[in-house]
Q: 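Please find one structure pasted underneath; my questions will follow.
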Amino acid sequence: MQIAHPIFPITGIVYSKGSEFEAFLQDVTATMADQGMRLAGLVQHSQAKPGRTKCDMYLRDLATDEVRAISDDRGPHARGCVLNTDRLLSACEAAEAGLSDRTDLLVLCKFGKTEVEGGGFRSLIARALELSVPVLIGVPAINLEPFRDFTAGFAQEIELADLASDRLVAAKRLRSIYWPADDALKVVA
C-alpha cells in the first residue's frame, strides 16, 4: 500500500533526548510491523559499556532484521563521535536493497551530523522518494534547520512530546498520516 502523491512525503519527529527517541522508535516500529506494515530502513540500538563514556551503536535493518555495528571502539576515554562512516554507508546500501515500491514506509533513526554534512541517509531518502515510499525520520532539535533546508518544504514535523506515550496509539497516529481512514489521499495497492 502506498500513497500516490502525499502532501508531505517526509515526516520528521523532532526530539531533544536521543535515548528517549531511540526507545520510542524501537517500540513504534515493532508495533507497525505487528500491524502488517512493510517497513524498510534502519533503527538505532545503543549499548552502554561499563567504564566508557561512549556507547556502542548498532543499526537494525527493518526489512531483514540484520543488526550491524556502526561505531568504533576508541577506548575508555574517547570523546566526540565514534561513528564509523564506512559501516554506516554499508548499512545504508543494505537497507536500500530492502527498499522497493512495495515498501509501506522507510524509517530512519536520525538526521544526524553525517546527514547535515551531506552524507549518511540522504541517498536512501532520495531513493525512497523516487519509489513514492514515505519516510519517517528522527530529527534532533539541534539539526532542525539543516533538516528543513534538506527537505525544502516536503516534510512535516511532529514533536516527540506530542506523540502519545502509548506506543500503539502513537503508531496509529503516525500510520494515519499516510493512510487516513477517510481515504482523502489516493491509496495504490
Side-chain angles (χ1 to χ4, degrees), residues 2-3 6 8-15 18-19 21-30 32-33 37-47 54-74 78 80-152 154-158 160 174 177-178:
Q2 290 184 327
I3 301 305
F8 296 108
I10 302 170
T11 299
I13 300 179
V14 182
Y15 65 90
S19 59
F21 179 73
E22 187 174 306
F24 168 83
L25 197 59
Q26 290 170 17
D27 289 347
V28 82
T29 54
M32 289 174 165
M37 290 186 72
R38 295 171 299 217
L39 303 176
L42 299 162
V43 176
Q44 184 169 321
H45 296 265
S46 300
Q47 186 175 34
K54 294 292 183 174
C55 61
D56 287 337
M57 297 180 295
Y58 300 89
L59 292 179
R60 182 172 61 87
D61 188 311
L62 295 174
T64 65
D65 214 29
E66 182 178 350
V67 177
R68 296 170 176 260
I70 59 165
S71 55
D72 287 328
D73 184 349
R74 294 180 32 224
C81 186
V82 294
L83 175 66
N84 180 308
T85 54
D86 289 336
R87 290 182 189 166
L88 175 62
L89 178 60
S90 177
C92 288
E93 289 170 351
E96 187 171 338
L99 181 63
S100 76
D101 60 359
R102 297 189 47 79
T103 302
D104 291 324
L105 184 66
L106 174 69
V107 181
L108 297 168
C109 55
K110 144 169 71 170
F111 191 87
K113 180 181 177 195
T114 305
E115 290 73 27
V116 168
E117 294 173 346
F121 298 137
R122 282 181 175 234
S123 63
L124 195 51
I125 294 167
R127 181 65 181 138
L129 297 179
E130 288 172 3
L131 295 169
S132 297
V133 173
V135 177
L136 177 67
I137 187 168
V139 182
I142 194 169
N143 295 338
L144 189 53
E145 286 307 315
F147 173 74
R148 289 174 176 163
D149 291 343
F150 171 69
T151 58
F154 289 100
Q156 63 182 326
E157 299 161 11
I158 301 173
L160 179 60
L174 291 170
I177 290 170
Y178 295 103

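Any value given below was found using the heavy atoms of this structure, including those in side chains, with hydrogens, waters and symmetry copies removed. Sequence positions, counted from 1, serve as the residue numbers for this chain.
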Q: Can you tell me how far the CD atom of Glu117 sits from the OG1 atom of Thr85, to the nearest 0.5 Å?
A: 9.5 Å
Q: Would you sort out whether Val107 and Ile137 count as a side chain to side chain contact (heavy atoms under 4.5 Å, CB included), showing the intermediate values?
A: CA-CA 6 Å; Val107 181; Ile137 187 168; over 6 Å; no
Q: Please determine whether a side-chain nitrogen of the Lys or Arg among Arg60 and Asp65 lies less than 4.0 Å from a carboxylate oxygen of the Asp or Glu.
A: yes
Q: Might you point out which heavy atoms bring Ala40 and Gly98 nearest each other, and give the distance in Å?
A: CB-O, 3.9 Å
Q: So which heavy atom on Pro9 is nearest to which on Leu129, and how close?
A: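 Nearest heavy atoms, Pro9 then Leu129: CB-CD2, 3.6 Å.
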Q: Counting C-beta onward and ignoring hydrogens, is there a side-chain heavy-atom pair between Ile10 and Leu136 closer than 4.5 Å?
A: no
Q: I'd like to check Leu108 versus Leu124 (side-chain heavy atoms, cut-off strictly below 4.5 Å). Are they in contact?
A: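 Yes, at least one pair of side-chain atoms sits under 4.5 Å.
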Q: Would you call Thr114 and Leu88 a side-chain contact if the rule is heavy atoms closer than 4.5 Å?
A: yes
Q: Count the heavy atoms belonging to other residues, nucleotides or ligands that lie under 6.0 Å from CD1 of Ile142, then report whether that count exceeds 12.
A: no
Q: Looking at CE of Met37 and CG of Leu105, how far apart are the two atoms once the value is rounded to the nearest 0.5 Å?
A: 5.0 Å
Q: If you round to the nearest 0.5 Å, how far is CZ of Arg38 from CG of Leu99?
A: 12.0 Å
Q: Compute the centroid of each ring, for Phe111 and then for Phe150, and state whether the two points are separated by less than 6.0 Å.
A: yes
Q: Got Thr103 and Leu131 here, is their nearest side-chain heavy-atom distance under 4.5 Å?
A: no
Q: Please report the interatomic distance CG(Leu59) to SG(Cys109), rounded to the nearest 0.5 Å.
A: 5.0 Å
Q: Which atom names give the shortest non-hydrogen contact between Thr29 and Leu25, and what distance separates them?
A: OG1-O, 2.8 Å
Q: Measure the acute angle between the ring planes of Tyr15 and Phe21, then classify it against the limits of 30° and 60° as parallel, tilted or perpendicular.
A: parallel
Q: Any non-hydrogen side-chain atom of Gln47 less than 4.5 Å from a side-chain atom of Tyr58?
A: yes
Q: Look up atom CZ in Arg68 and atom CG in Asn84, then write down how far apart they are to the nearest 0.5 Å.
A: 12.0 Å
Q: Under 3.5 Å, is there a donor on one side chain and an acceptor on the other for Glu22 and His45?
A: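 No, because no side-chain N or O of Glu22 sits under 3.5 Å from a partner of the opposite role on His45.
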Q: Identify the two heavy atoms, one from Ser132 and one from Pro134, that lie closest to each other, and give their separation to 0.1 Å.
A: O-CD, 3.7 Å
Q: Are any of the side-chain heavy atoms of Leu62 and Val43 separated by less than 4.5 Å?
A: yes
Q: Could you report the tightest heavy-atom contact between Pro146 and Val116, atom names first, then the distance?
A: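 Reported closest heavy-atom pair: CB-CG2, 3.8 Å.
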Q: Tell me, do Val135 and Phe121 make a side-chain contact under 4.5 Å, heavy atoms counted?
A: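 Side-chain contact under 4.5 Å: no.
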Q: Quick one: are Asp104 and Val133 in side-chain contact, heavy atoms under 4.5 Å?
A: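 Heavy-atom side-chain distance check fails, nothing below 4.5 Å.
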Q: So does Lys113 pair up with Glu115, basic N to acidic O under 4.0 Å?
A: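 So Lys113 does not pair with Glu115 through a salt bridge.
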Q: At what distance, to the nearest 0.5 angstrom, does SG of Cys92 lie from CZ of Arg127?
A: 14.5 Å
